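Bear in mind the structure is a predicted one, so any value in this text is a computation, not a measurement.
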Amino acid sequence: MKSDAVKKGIQQAPHRSLFHALGMTKEEMERPLVGIVSSYNEIVPGHMNLDKIVNAVKQGVAMAGGTPIVFPAIAVCDGIAMGHIGMKYSLVTRDLIADSTEAMAIAHQFDALVMVPNCDKNVPGLLMAAARLNVPTVFVSGGPMMAGHVQGHKTSLSSMFEAVGAHSAGKLTDEQVQEYENKACPTCGSCSGMYTANSMNCLTEVLGMGLKGNGTIPAVYSDRICLAKEAGMKVMEMYEKNIRPRDIMTEKAILNALTVDMALGCSTNSMLHLPAIAHEIGMDFDITFANEISEKTPNLCHLAPAGPTYMEDLNEAGGVYAVMNELDKKGLLHTDCMTVTGKTVGENIKGCVNTNPQVIRPIENPYSETGGLAVLTGNLAPDGSVVKRSAVVAEMMKHEGPARIFESDEEACQAILGGKIHEGDVVVIRYEGPKGGPGMREMLNPTSAIAGMGLGESVALITDGRFSGASRGASIGHVSPEAAVGGPIALLEEGDVILIDIPNLKLNVKLSEEELALRKAKWQPRQPKVTTGYLARYASMVTSGNRGAILEIPKSTQVN
C-alpha cells in the first residue's frame with residue numbers, strides 16, 4: 001500500500017500517533033486510505049449539497065473495505081463572480097485546485113481518491129490532479145440543477161441574464177424580472193443548461209473517470225446518492241485491480257471527449273480544459289485539430305442555451321451513454337478505452353438506448369452534420385479562436401461589420417445597455433485574456449445583454465477572454481495571440497471591418513499585411529492591471545487560450 005509510508009514500521013510510530021489523534025482505530029489503519037476530495041461550500045449552489053454526496057461516498061468506501069478520509073477543494077461560482085473583479089479569480093482556481101489536491105494527496109500518501117466536484121473549474125482542476133497523481137480515482141459530481149419555470153416555459157441562469165438585457169430594452173418590467181429572479185434557479189446543483197459545469201461533468205463520463213449518469217442525474221434525485229455510494233465502492237475495485245487515471249485518460253479518451261463534446265454542443269470552455277487535461281498526460285493538444293473531429297461529428301443536442309431542452313431532459317433521454325451509442329453507430333468513438341467501471345467504453349454503452357429523439361437527435365437526423373464547436377483562424381486570430389457554432393443563428397454564420405472597441409467587459413456592457421451598439425456591429429473586448437485580464441474573464445454579461453436587447457441576430461462579439469457556457473450567438477472567444485502580448489486584436493481600431501465566416505472557419509480583419517505590420521511596430525505593451533498576489537504570479541506563468549491557459553515556468557527563471 002502507498003499509505004504504508006505513513007503507517008508501517010517503528011519509524012512510523014509518530015505518524016500512527018497522529019492517526020490515533022484523529023480517532024482512527026488499528027483496523028482502519030490497516031485498510032487502504034482513500035482520500036475524498038470534497039468541494040462542499042455554502043456559496044456555490046452546485047456545491048451546497050456535496051456534503052450529502054461525500055457522506056454517501058464514505059459509506060461506499062467503508063462498505064468495500066477502505067478507510068475514507070475527507071479533505072477540501074475550493075470552488076468559485078461563476079454566476080456570482082460574473083461582471084466584476086471576482087471573475088478574474090475563476091479560471092485561475094483550476095490550477096489552485098489541481099496544485100492543492102496534489103499537495104494533500106502526496107503529503108498524506110493516499111492509496112486512492114474519490115473526487116467530488118461540480119462546478120466550472122472544479123471538475124477540470126481535479127481531473128488534472130488525478131492525471132498527475134495517478135492513483136486509483138473515481139469522480140462523482142453533485143449533479144445538475146432542475147430547470148426553472150417562468151410563464152409556462154423552462155428557464156435557467158442564461159434566461160436570467162438575458163432578462164436584464166430585455167429590461168434595458170423596455171421588454172420586461174421590474175416585476176417580470178423579479179419573477180425570473182425568483183424562479184430561474186429553483187434547486188441546488190450546477191446550472192441546468194449545457195454550461196461549463198455540466199459540459200465537464202458529462203465529459204468526465206466520456207473520459208471514463210465517472211460512472212454512468214455522473215453528468216446528468218439531477219442533484220435533487222435520490223439516484224445521485226446511490227451513484228455516490230457506487231463511486232465509493234468502485235474506487236476500491238479500481239484499487240484492487242490497480243487501474244489508474246493514466247490507464248483511463250489516454251489520448252484516445254481525450255479524442256472521445258472532444259467527439260462527444262461536438263455532439264452535445266458543450267461550452268467553449270471545454271476547449272480550455274481538454275488541452276489542460278491532455279497536457280497532464282503528456283499529450284500535445286492543438287485546438288485546430290478540433291475542426292477535423294467536428295467535420296465528421298454530427299451535432300445531436302441543442303440543450304440550453306442553444307435550444308429548449310435541459311439536463312434533466314438529457315438524463316431522461318438516456319444521458320451521455322445514449323449520445324455515445326448514437327455516435328458509435330458511425331464508428332466515431334474509440335470503444336476499446338478502459339473506464340472506472342472496469343469495462344471498456346464499448347461494453348459500457350452497449351444497449352444504452354436513446355429514448356427521446358427530440359432531445360438526442362438520432363445520428364441519421366442531426367441538427368447539423370458538423371459538431372457544436374468550431375476553431376476559427378485568420379489574420380485576426382493566427383493561433384485560433386473558438387465559437388459555439390451550435391448556438392449561432394443562421395443569419396450570423398457569416399457576418400461583416402465595423403469593430404466597436406472596448407478595453408473591458410464593463411465598458412462593453414455599459415455601451416450595449418446604453419443603446420450605443422447597433423445592428424451589424426462587431427463588439428470587440430480585448431485585454432481580457434489569460435495574461436491581460438489577468439484571468440481570462442467570462443463575457444456572459446455582454447452576450448446576454450446583446451441577446452436580451454434583441455440584437456442576437458445582427459451583432460457579433462469577439463474577445464481574447466472567454467464565454468460562459470450560458471452564452472449564445474456569434475460569440476467568438478479565446479482569440480490568440482491575446483492583446484496583452486501584441487496579438488492582432490490589440491491592433492484593431494474603431495470602425496475596422498471584421499469578417500466572420502464560421503462555415504469556412506475564418507476570422508479576419510479587412511486590413512493589409514502592411515497595415516497590420518505598421519500598427520504592430522507602433523504597439524506598446526500595457527502596464528499589468530494587477531501587480532501583486534496570486535493573479536500577478538498567474539499572469540507571469542500562464543500561456544495563451546489556444547494552449548488551454550496552462551501554467552509554465554517562464555524561461556527566464558528556468559534552471560538548466
How would you list, by chain and number, every residue that makes a side chain to side chain contact (heavy atoms under 4.5 Å, CB included) with [X], sequence neighbours excluded?
X	value
Ala539	Pro438
Ser294	Met262, Thr370, Arg389
Glu407	Ile405, Glu411, Arg430, Tyr431, Arg526
Glu181	Met160

By salt bridge (charged side-chain N to carboxylate O under 4.0 Å, His left out) - contacts of [X] (at least two apart):
X	answer
Lys510	Glu400
Asp383	none
Arg537	none
Arg519	Glu493, Asp496, Glu515

Least distance between heavy atoms, [X] atom then [Y] atom:
X	Y	value
Ala169	Gly452	CB-O, 4.4 Å
Val375	Gly384	CG1-CA, 4.2 Å
Val44	Cys119	CG1-SG, 3.7 Å

query: Looking only at side chains, do Thr204 and Asn214 share a donor and an acceptor under 3.5 Å apart?
result: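 Checked: Thr204/Asn214 side chains show no N/O donor-acceptor pair below 3.5 Å.
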message: What verdict does the salt bridge (charged side-chain N to carboxylate O under 4.0 Å, His left out) test give for Glu432 and Arg466, after you've listed the backbone C-alpha separation in whole Å, the side-chain angles of each residue and the deciding distance to 0.1 Å?
response: CA-CA 8 Å; Glu432 288 283 13; Arg466 60 193 178 90; over 6 Å; no
- request: Any chance you could lay out the salt bridge (charged side-chain N to carboxylate O under 4.0 Å, His left out) test for Asp95 and Lys121, step after step, and finish with the verdict?
  value: CA-CA 9 Å; Asp95 296 275; Lys121 312 310 167 297; over 6 Å; no
- request: Could you please spell out the steps behind the side chain to side chain donor-acceptor pair (under 3.5 Å) verdict for Ser270 and Asp261?
  value: CA-CA 8 Å; Ser270 63; Asp261 184 309; 2.4 Å; yes
Side chains of [X] and [Y]: closer than 4.5 Å at any heavy-atom pair?
X	Y	answer
Met271	Ser385	no
Ile500	Asn508	no
Gln176	His167	no
Leu461	Ile476	no
Val509	Leu499	no
Ile421	Phe406	yes
Phe71	Ser38	no

query: Do His47 and Tyr40 have ring centroids that are under 6.0 Å from one another?
result: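 Between Tyr40 and His47, the centre distance exceeds or equals 6.0 Å.
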Enumerate donor-acceptor pairs with a distance under 3.5 Å from any side-chain N or O in residues 184-202 to protein atoms, sequence neighbours excluded.
{"residue": "Thr187", "atom": "OG1", "partner": "Met146", "partner atom": "N", "Å": "3.1"}
{"residue": "Ser190", "atom": "OG", "partner": "Gly143", "partner atom": "O", "Å": "3.3"}
{"residue": "Ser190", "atom": "OG", "partner": "Asn198", "partner atom": "OD1", "Å": "2.6"}
{"residue": "Tyr195", "atom": "OH", "partner": "Ser156", "partner atom": "OG", "Å": "2.4"}
{"residue": "Tyr195", "atom": "OH", "partner": "Ser158", "partner atom": "N", "Å": "3.3"}
{"residue": "Tyr195", "atom": "OH", "partner": "Ser158", "partner atom": "OG", "Å": "2.8"}
{"residue": "Thr196", "atom": "OG1", "partner": "Ser267", "partner atom": "OG", "Å": "2.9"}
{"residue": "Thr196", "atom": "OG1", "partner": "Asn269", "partner atom": "ND2", "Å": "2.8"}
{"residue": "Asn198", "atom": "ND2", "partner": "Cys191", "partner atom": "O", "Å": "2.5"}
{"residue": "Asn198", "atom": "ND2", "partner": "Gly193", "partner atom": "O", "Å": "2.7"}
{"residue": "Ser199", "atom": "OG", "partner": "Tyr195", "partner atom": "O", "Å": "2.7"}
{"residue": "Ser199", "atom": "OG", "partner": "Ser267", "partner atom": "N", "Å": "3.0"}
{"residue": "Asn201", "atom": "ND2", "partner": "Asn118", "partner atom": "O", "Å": "3.0"}
{"residue": "Asn201", "atom": "ND2", "partner": "Asn118", "partner atom": "OD1", "Å": "3.2"}
{"residue": "Asn201", "atom": "ND2", "partner": "Ala197", "partner atom": "O", "Å": "3.2"}

Side-chain atoms of residues 274-282: list all donor-acceptor pairs with protein atoms under 3.5 Å, sequence neighbours left out, distances to 0.1 Å.
{"residue": "Glu280", "atom": "OE1", "partner": "Arg132", "partner atom": "NE", "Å": "3.1"}
{"residue": "Glu280", "atom": "OE2", "partner": "Arg132", "partner atom": "NE", "Å": "3.2"}
{"residue": "Glu280", "atom": "OE2", "partner": "Arg132", "partner atom": "NH2", "Å": "3.2"}

- request: For side chain to side chain donor-acceptor pair (under 3.5 Å), just list the numbers for Lys388 and Ser475, CA-CA rounded to whole Å, side-chain angles, deciding distance to a tenth of an Å, and then say yes or no.
  value: CA-CA 7 Å; Lys388 190 171 183 175; Ser475 303; over 6 Å; no
query: For Phe285, what residues pass the ring-ring contact (aromatic ring centres under 6.0 Å, His included) criterion, not counting sequence neighbours?
result: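 With sequence neighbours excluded, Phe285 shows a ring-ring contact (aromatic ring centres under 6.0 Å, His included) to Phe289, given in chain and number order.
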- request: Check whether more than 12 heavy atoms from other residues, nucleotides or ligands sit under 6.0 Å from atom CE of Met283, and answer yes or no.
  value: yes
task: For atom CD of Glu423, decide whether the heavy atoms of other residues, nucleotides or ligands shown that lie under 6.0 angstrom number more than 12.
output: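 Result for CD/Glu423: open.
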query: Given the rule in the side chain to side chain donor-acceptor pair (under 3.5 Å) test, do His478 and Asn546 qualify, once you have shown the distances and angles that lead to the verdict?
result: CA-CA 7 Å; His478 310 194; Asn546 70 299; over 6 Å; no
Just distance, no hydrogens or angles: give the donor-acceptor pairs under 3.5 Å from side chains in residues 412-419, sequence neighbours left out.
none

